Protein chains: 2
Amino acid sequence: MSEKKEKLLRVAERLFYQNGFHAIGLKRIISESDIAIMTLYNHFASKDDLIVEVLKRREQQYKKYLRRYLSDDKRLTLLNLAKGHADWLAEHQQCGCMFLRAKEEFGSDPDHPVVQLVNNHKESMVRLIQNMDETITDEDALQFTLLLEGATALSETTDPKVVGQQLLTMTNRVFLDS
Amino acid sequence: MSEKKEKLLRVAERLFYQNGFHAIGLKRIISESDIAIMTLYNHFASKDDLIVEVLKRREQQYKKYLRRYLSDDKRLTLLNLAKGHADWLAEHQQCGCMFLRAKEEFGSDPDHPVVQLVNNHKESMVRLIQNMDETITDEDALQFTLLLEGATALSETTDPKVVGQQLLTMTNRVFLDS
DNA sequence: CTTTATATAGAACGATCATTATACTCTCTA
DNA sequence: TAGAGAGTATAATGATCGTTCTATATAAAG
C-alpha cells in the first residue's frame, strides 16, 4: 500500500466522518492531504470508489478493535464486546455510525456499492455476535445490537464515557441478571 | 400557512429524509412539488432556512405523535412512550433519526441553526422523559433514550416491527422487572 | 379600475462539483 | 544513460449548485 494512498484514506475518513460524504469535495481532501488530484485518481477510480475503500478500511479497524475484547464465556463475551464498543466510542469522534450514515446518504439506490457494503457489514456484526456462543439466541443478538447502535447514536449528544457506562450497565441488566 | 408552503415542506421533508440534506438540490424539491423556484424563495430565505423549518415541523409532528401514548403511571408511561416510538418507526420510513442526520451533516459548525435546533430537540426529549414522573432518575432517562435511539438506528437494517417488539421487551426488562 | 399580493417561467449569476487531459519533474533501475 | 513509474501542477470539461433578476400572469381587495 502506497504511503500517499494511505494518507488519502486517513484524511478522507476523517473528513467524510465529520462532514458527510456529499458535503466534502475531493478538493478539500487533496488539500488537507497535500496530495495532487491526479495522484488521487491514480489510486482510486472515482469518489465513490474512495468512499468504498474508506469504509472497508474502517470496518477492518473496528472489527480488529473489537476482537481484542473477546473472551470465550458468554457473559464475559457480551460484556467485553460492549466494553470494546464503549472504548471505541470514547476513542473516536462522536459523529454517529459511519456505516449507517453512508447508507443514509446513498440509500436511495439499493444497488450502490456503498449501500451493499454497509448492509453486509451490519449483517456480519449480527453473525459475529451470534457465533460467539451457541447459547446466544437470535433475539439476544438483535437486542444487543440495539444496545450498541443506541450507544453510538446517543454518543452524538452525550459524553461517550457516560454513554459507555450506561451501555455496560444495560448489558448486564438485559443479559446477565438472574 | 400557505398551501404552497406546506407542500414544499412536505416534499422537502421526504426528499431530505430519504437522500440527505446535501444530496438533494432545490431543483429536485421544486420539481417534485410543481412549484416555481421563486415561490420557494418567497416563503423561505434560503435552503438552510427551509431545512430548519422542515425540522421544526417534524419535531412538532413527532412530539404530537408521542403525546397520544402518554399516561400518568410511571411504568405505563415509559412503556407507552416506547410503544409510541415503535409505532412511529413502523409508520414512517426507515432512514434513521432525521435530527441526528441533520446534526451529522452540519455538525462541523456548532453555531449552525440546524445544529442548535437538533441539540435543543434532543435535550427537550430527555427533559420530556424526566418530567413524566419524579421517580425517573437521570440515569433512567439516559438509558431509556439509548433504547429509543437504538431502536431508530436498528430500524435502518431490520424490520421496524420486529425492532419495535424488542424495544418493548427491553423497556420492560430494564425498567419494570422486579 | 387600480392596487396589491402571489405565483409563474426562464434566464443568468458565480461558485463549486467530479472528472479528464496535458505537460513537467523527479527517482529508481535495467 | 535510457526509460519506466510515480507524483506534481494547472487548466479545462460539462454539470449542477444556491441564489437572484426580469418579466409576466392571475386574482382578490380597495
Side-chain angles (χ1 to χ4, degrees), chain A residues 1-56 101-102 104-109 111-115 117, chain B residues 1-56 101-102 104-109 111-115 117:
Chain A
M1 166 89 65
S2 159
E3 169 201 345
K4 303 272 177 184
K5 183 171 184 178
E6 207 169 272
K7 181 162 193 185
L8 279 172
L9 286 171
R10 239 184 311 118
V11 171
E13 177 181 357
R14 174 174 54 83
L15 289 175
F16 283 145
Y17 183 60
Q18 289 178 339
N19 302 273
F21 300 94
H22 285 87
I24 286 293
L26 297 181
K27 194 175 176 182
R28 179 89 181 274
I29 294 176
I30 63 170
S31 161
E32 297 209 11
S33 304
D34 284 317
I35 287 174
I37 179 68
M38 284 313 294
T39 305
L40 188 152
Y41 274 98
N42 190 28
H43 287 297
F44 305 96
S46 63
K47 184 186 182 184
D48 280 10
D49 182 45
L50 171 61
I51 294 174
V52 166
E53 295 219 28
V54 163
L55 292 176
K56 279 184 185 170
R101 290 181 57 189
E104 288 156 359
E105 287 204 41
F106 296 94
S108 51
D109 174 16
D111 296 332
H112 196 289
V114 163
V115 176
L117 184 147
Chain B
M1 168 91 64
S2 159
E3 169 201 346
K4 304 271 176 184
K5 182 172 185 180
E6 208 169 272
K7 181 162 194 184
L8 279 171
L9 285 170
R10 239 186 310 120
V11 171
E13 177 181 357
R14 174 174 55 82
L15 289 175
F16 283 144
Y17 184 60
Q18 290 178 340
N19 303 274
F21 300 94
H22 286 86
I24 285 293
L26 297 181
K27 193 174 177 181
R28 179 89 182 276
I29 294 175
I30 64 171
S31 160
E32 296 208 13
S33 305
D34 285 317
I35 287 174
I37 181 65
M38 283 313 295
T39 305
L40 188 152
Y41 274 97
N42 190 28
H43 287 297
F44 305 97
S46 63
K47 185 187 182 184
D48 279 11
D49 182 45
L50 170 62
I51 294 174
V52 166
E53 295 219 29
V54 163
L55 291 176
K56 279 185 186 170
R101 290 181 58 191
E104 288 156 0
E105 287 205 41
F106 296 94
S108 51
D109 173 15
D111 296 331
H112 195 289
V114 164
V115 177
L117 184 148

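Order of the sequence lines fixes the chain letters, A, B, ..., with proteins taken first and strands second; residue numbering starts at 1 for each chain. Computed from a predicted model, the values in this text were never measured in an experiment.
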**OP:** Any chance you could measure B/Leu117, atom CG, to B/His112, atom NE2, to the nearest 0.5 Å?
**Re:** 11.0 Å
Original post:
How is A/Ile29 classified with respect to the nucleic acid when contacts are heavy atoms under 4.0 Å: base, sugar-phosphate, or nothing?
Top reply: nothing
Nucleotide N/O to protein N/O under 3.5 Å, stretch nucleotides 19-26 of chain D:
| unit_1 | atom_1 | unit_2 | atom_2 | d |
| --- | --- | --- | --- | --- |
| D/dT19 | OP2 | B/Tyr41 | OH | 2.7 |
| D/dT19 | OP2 | B/Lys47 | N | 2.8 |
| D/dT19 | O5' | B/Tyr41 | OH | 3.0 |

**OP:** State, yes or no, whether a side-chain contact exists between B/Asp48 and B/Val114 at a heavy-atom distance under 4.5 Å.
**Re:** no
**OP:** Answer yes or no: is there an ion pair linking A/Arg28 with A/Glu32, defined by an N-O contact shorter than 4.0 Å?
**Re:** yes
Subject >> DNA chain C: 5'-most and 3'-most nucleotides touching chain B, 4.0 angstrom heavy-atom criterion >> reply: C/dA7 to C/dG10
**OP:** Can you see which heavy atom on A/Leu8 is nearest to which on A/Ser33, and at what distance?
**Re:** CD2-OG, 3.8 Å
**OP:** Name the residue closer to the 5' end of DNA chain C, choosing between A/Phe21 and B/Thr39 according to the nucleotide with the nearest heavy atom.
**Re:** B/Thr39
Original post:
Between atom NZ in A/Lys7 and atom C1' in D/dG7, what is the gap in whole Å?
Top reply: 14 Å
**OP:** Kindly indicate whether the side chain of B/Asp109, heavy atoms from C-beta on, has any atom under 4.5 Å from the side chain of B/Val115.
**Re:** no
Original post:
A/Phe21 versus B/His22: any side-chain heavy-atom pair under 4.5 Å?
Top reply: no
Original post:
Roughly, in whole Å, what's the span from CD1 in A/Ile35 to C1' in D/dA9?
Top reply: 15 Å
Original post:
So, does B/Lys47 use its side chain to make a donor-acceptor pair with the main chain of B/Gly25 at under 3.5 Å?
Top reply: no
**OP:** Quick one: label B/His22 by what it contacts on the DNA or RNA (base, sugar-phosphate, nothing), any heavy atom closer than 4.0 Å.
**Re:** nothing
Original post:
Is A/Lys5 close enough and on-axis enough to A/Phe44, meaning under 6.0 Å and within 45°, for cation-pi?
Top reply: yes
**OP:** With heavy atoms under 4.0 Å as the rule, sort B/Ile30 into base, sugar-phosphate or nothing.
**Re:** nothing
